[in-house]
Amino acid sequence: MKTNTKYIFVTGGVISGVGKGIMAASIGAILKAKGLKVSMQKCDPYFNVDAGLLNPREHGECFVTHDGAETDLDLGHYERFLDEEMTGDSIWTSGKLYKCLIDDERAGKFGGKTVQLVPHVTGLVQKTFIDNSKHFKSDVHIVEIGGTIGDLEGSHFVEAIREFPTKVGRENCLFVHVCYVPWLSTSEEFKTKPAQNSLRDLREFGIIPDMVVARMDVDKVIKAPHVAQKLATFCGVEADAVVLMPDAKSVYEVPLNAVKGGVLAPLERFIDHGDPDMSQWEKLVKNIEAEPKEVVKIGLVAKYIDNTDTYLSVTEALKAAAWKAGVKLRTIWVDAEKATDADFAKVDGIVVPGGFGARGVEGKIAAAKYCLEHDKPYLGLCLGLQTAVIAAARRGGVKQANSEEFDAPAKARVVYIMPGQKGKESTGGTMRLGDYPAKLKAGSLVESLYGEKKVVERHRHRYEVNQQFVAEIERGGLKVSGTSPNGELVEFVEAPDCKYFVATQAHPEFKSRPYRAHPLFEGLIRAAKSA
Ligand code: GLN
């Protein structure tokens with residue numbers, strides 16, 4: 001098969017959690033800065049078909065793509081680093097792969113053939129690479145393989161990438177292995193043995209990488225020629241193809257650190273496309289490092305405060321807004337189950353993020369009530385709109401106001417289940433998901449923040465505002481400031497008497513970029529700054 005597309009495969013070794021995804025996305029950002037069209041995909045070994053039903057405490061945020069897929073938080077990194085919208089097919093889990101194959105087998109699509117790991121599973125994996133690169137019309141398609149090399153459950157992906165060069169040409173494939181090189185404080189030396197072992201494991205699959213990224217326990221880019229030389233010798237790569245990567249204070253330093261660490265030499269041997277223009281990243285890092293004096297404290301009233309990755313896009317969106325507004329952000333985690341007015345009083349602004357289930361919801365409603373009554377800046381995201389509406393309805397005289405989600409028999413269901421959603425509460429991929437447009441009311445705060453009358457945001461919800469209660473909600477201090485184009489669904493509410501009280505049924509955090517703050521988050525930070 002002839003191809004103009006180049007493919008980069010990123011594997012990990014030694015331990016997980018050393019930033020393989022960030023490194024893959026940074027390589028993508030560097031190539032994009034060279035003017036190339038870059039796309040990315042993740043191959044994740046787990047058997048869940050998608051991340052929709054996974055517990056966020058265990059798995060972190062469920063990132064929603066514009067086309068409505070419930071995916072892994074890595075896709076959020078890809079979007080923030082590449083500034084490209086991923087799709088549902090930017091991630092392939094083993095579950096999704098096997099489901100496709102088994103569905104095809106049951107539909108009789110294999111013409112009587114035995115369906116096997118090789119070539120059918122591996123062939124489908126390879127087809128996803130080609131389909132993605134075609135969809136995005138990319139010059140370079142980057143594939144991150146989840147987990148670490150040697151994991152039994154990821155081996156079909158590794159076999160697929162091992163075979164792939166025979167189909168598209170070895171010269172069109174670059175293998176990058178990201179491994180960890182620990183520092184042994186007793187003998188004061190870096191130990192390359194675990195990395196060597198992981199490279200040997202990779203070799204056993206038949207893959208000799210073209211670039212080795214050594215993640216090291218140091219806080220700045222260093223030259224450690226003996227480490228690079230040793231890894232190069234043992235792995236059969238050129239010494240300048242070993243890139244030493246220190247810990248970074250912010251993930252957004254990684255593209256610049258990668259350039260400083262020498263990533264360009266092996267990349268340019270693979271694809272030569274001029275110097276990258278890294279000015280956007282330099283500007284961002286300068287902003288991040290600026291350490292402004294003025295501190296803005298934002299309280300995140302949430303349920304999973306023991307795994308803050310659950311709200312990753314929200315915290316990244318807050319950071320981006322703070323960098324833009326030139327303030328130092330301090331995020332205060334407020335346990336929704338224990339939250340009191342004293343917690344709300346301590347902060348300059350409050351975010352109630354998305355969530356599911358009754359646990360902690362009264363704390364979130366109390367946060368909205370407090371903000372309405374004390375003119376405290378509030379941003380409600382999805383569930384955060386629903387809690388605001390409940391708080392307002394209660395203030396407006398509907399004492400029993402609640403959501404059908406938390407109190408199914410409640411008489412005053414000011415938030416109720418959308419038609420067609422009933423009975424699907426624990427099934428995957430069935431919510432109102434992905435991009436939906438909203439029209440904003442003329443003269444509303446949201447209209448002035450967005451600077452547009454029609455906006456599109458990503459969604460992930462089953463419940464909606466019951467518009468029979470609009471009069472009471474308005475009496476309680478909120479007005480509807482945006483709806484679906486046909487007016488049937490409430491998309492935005494705001495409090496005309498408050499400086500900044502905005503809530504949306506959507507998840508605007510997914511569209512924030514580190515260098516392009518989202519207007520709703522920027523609005524919150526600016527209001528909190530002047531509080
Ligand atoms: N649980 C609410 C619903 O399903 C809110 C969902 C969310 O915050 N993503 O409508």
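In listed order, ligands and their atoms are each counted from 1. Starting from 1, each residue takes its place in the sequence as its number.
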*Should we count NZ of K32 as having more than 12 external heavy atoms under 6.0 Å?*
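Yes, NZ of K32 has more than 12 neighbouring heavy atoms, counting only those of other groups under 6.0 Å.
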
Report the nearest protein non-hydrogen atom to [atom]: residue, atom name, distance rounded to 0.1 Å.
atom: atom 5 (C) of ligand 1; result: G355 O, 3.3 Å
atom: atom 7 (C) of ligand 1; result: C382 SG, 3.0 Å
atom: atom 4 (O) of ligand 1; result: R462 N, 3.0 Å

*Has the side chain of D375 got a donor or acceptor atom that lies under 3.5 Å from a matching backbone atom of K499?*
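Present.
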
*What about the rings of W92 and F157, do their centers lie closer together than 6.0 Å?*
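No, too far apart.
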
*Aromatic ring centroids of Y370 and Y378 under 6.0 Å?*
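No; Y378 has its ring centre 6.0 Å or more from that of Y370.
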
*Q505 near ligand 1 by a heavy-atom separation under 4.0 Å*: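 It does not, in that no heavy atom of Q505 comes within the 4.0 Å cut-off of ligand 1.
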
*If we only count N/O pairs under 3.5 Å, is L383 in contact with ligand 1?*
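Yes - when backbone and side-chain N and O of L383 are compared with those of ligand 1, one distance drops under 3.5 Å.
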
*Under 4.0 Å to a heavy atom of E405 - the qualifying atoms of ligand 1, by number*: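 Here the atoms of ligand 1 in question are 1 (N), 2 (C), 3 (C).
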
*For a side chain to side chain contact (heavy atoms under 4.5 Å, CB included) with Q41, tell me which candidate from I91, T128, D89 qualifies.*
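Output: one option passes, namely T128.
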
*At a non-hydrogen distance cut-off of under 4.0 Å, which region of H507 contacts ligand 1 (side chain, backbone, both, or neither)?*
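Side chain only; the backbone of H507 stays clear of ligand 1.
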
*Would R458 and T65 count as having a side-chain donor-acceptor pair, cut-off 3.5 Å?*
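Not at all, the side chains of R458 and T65 share no donor-acceptor pair under 3.5 Å.
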
